[in-house]
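Convention: sequence-line order gives letters A, B, ...; per-chain numbering from 1. Quick caveat, the model's predicted, so the values are computed rather than measured.
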2 protein chains.
Amino acid sequence: MTNPRSGCPINLTLETLGDRWSLIVIRDIMFGNRRHFRELLTGSDERIASNILADRLKRLVEAGLLTKADDPTHKQKAVYSLTERAIDLVPLLVQMGAWGRRHLPVTHEMSIRQELLEEGGPTLWDDFMDELRTLHLGAPPRGDSASVLERLTTAYRRALKQK
Amino acid sequence: MTNPRSGCPINLTLETLGDRWSLIVIRDIMFGNRRHFRELLTGSDERIASNILADRLKRLVEAGLLTKADDPTHKQKAVYSLTERAIDLVPLLVQMGAWGRRHLPVTHEMSIRQELLEEGGPTLWDDFMDELRTLHLGAPPRGDSASVLERLTTAYRRALKQK
DNA sequence: GCAACTGGTTGCATAATACAACCACATTGG
DNA sequence: CCAATGTGGTTGTATTATGCAACCAGTTGC
């Protein structure tokens with residue numbers, strides 16, 4: 001953002017993340033733990049195009065929301081990680097999901113994780129954020145009882161099977 | 001949204017509001033109490049183009065976020081009002097502003113209202129939402145001590161003068 | 001009668017997005 | 001060694017969205 005339209009917090013957030021794909025990419029890295037290009041390209045229902053994905057990853061790295069690193073297991077593989085700035089989007093993403101669940105035609109299986117996050121409230125969000133810090137920033141694990149991400153993923157997979 | 005890309009709550013919210021202008025329009029109606037086309041066109045720093053504004057107003061009405069009504073004082077005037085669905089965006093907008101304030105180069109005078117909303121917490125948001133309901137939906141006033149919108153506006157004007 | 005105000009529309013240029021095909025290099029299995 | 005598959009993308013083209021400036025017809029106040 002070289003020339004922001006204004007210094008309003010809402011506007012600046014919109015200029016950074018206000019498009020149809022950026023938050024989808026972050027959602028998939030955050031909740032799906034997809035760390036590679038191909039996983040992000042083929043993993044989700046929304047079917048992002050490869051050039052758009054490449055562009056968004058580049059922009060998000062430039063905006064300080066992601067970092068890109070080499071994967072030691074494969075010379076061509078790149079690993080994308082969330083930064084603290086992106087982890088700090090958790091409450092915003094939860095609110096987005098909550099509003100969507102209240103007002104838009106969501107499907108059950110895509111809402112189950114959202115439902116759990118809403119029920120858990122800010123305490124659970126904080127646990128989740130801490131977990132993301134160990135997963136993406138290499139922070140020391142806080143030795144929590146059960147992984148939030150695992151709980152979300154298990155519930156999601158169960159809902160998928162029921163379908 | 002005739003063909004949603006997926007039934008994910010976050011995605012559906014993004015398909016509804018994920019562009020650079022929709023939430024700016026809602027922000028101005030909500031926090032600036034701008035109810036007419038011209039007020040929305042010329043009132044804010046971001047300088048929206050008239051065709052974009054017209055298009056967004058139309059879409060937001062279609063999406064059930066705004067209603068359009070005739071203004072009795074002027075045959076050509078249209079009054080735009082928030083629906084319950086839009087009022088329900090308050091927590092999301094607060095989170096957006098909070099994130100922007102933490103991570104982006106916001107200006108003081110455009111952050112002051114955001115700051116007050118963050119300090120006030122969910123209790124204040126609820127008061128504000130109730131106030132919006134009386135203002136936009138004609139709900140009976142809840143007889144609150146001081147209008148939240150007034151408090152926000154006063155603080156904003158004071159910050160503007162100091163500049 | 002006329003200037004200012006009302007909510008827009010129109011035309012054109014540029015930018016973003018979508019879709020499909022393609023690519024060079026790396027790794028794996030036989 | 002070789003072929004199949006996996007890797008992160010790029011390229012080309014078509015469509016759609018956005019941005020900008022000019023314009024417009026009806027309404028109101030004086």
Salt bridge flag under 4.0 Å for residues B:Arg27 and B:Glu46
yes

What is the nucleic acid contact for B:Arg56, judged by heavy atoms within less than 4.0 Å: base, sugar-phosphate only, or nothing?
sugar-phosphate

What integer distance in Å separates B:Asp55:CG from D:dT16:C1'?
12 Å

At 4.0 Å (heavy atoms only), tell me whether B:Lys68 reaches a base, stays on the sugar-phosphate, or touches nothing.
sugar-phosphate

Report yes if a donor N or O on one partner sits less than 3.5 Å from an acceptor N or O on the other, where the partners are the side chain of A:Gln76 and the base of D:dG8; otherwise report no.
no

Whole angstrom value for the distance that separates P of D:dC20 from CG of B:Leu41:
13 Å

For B:Ser6, run the side chain to side chain contact (heavy atoms under 4.5 Å, CB included) check against A:Val106, A:Thr107, A:Asp45 and tell me which one passes.
A:Asp45

Whole-Å distance between D:dT15 P and A:Asn51 CG?
16 Å

Establish, for the pair A:Arg35 and A:Tyr80, whether the NZ or CZ atom is under 6.0 angstrom from the six-membered ring centre and no further than 45 degrees off its axis.
no

Decide, yes or no, whether a salt bridge links B:Arg142 with B:Asp127 under the criterion of side-chain N to carboxylate O below 4.0 Å.
yes

Shortest side-chain distance from B:Lys75, nucleotide among D:dG19, D:dT18, D:dT28
D:dT28

In terms of side-chain heavy atoms of A:Ala78, which of D:dA22, D:dG8, D:dC20 is nearest?
D:dG8

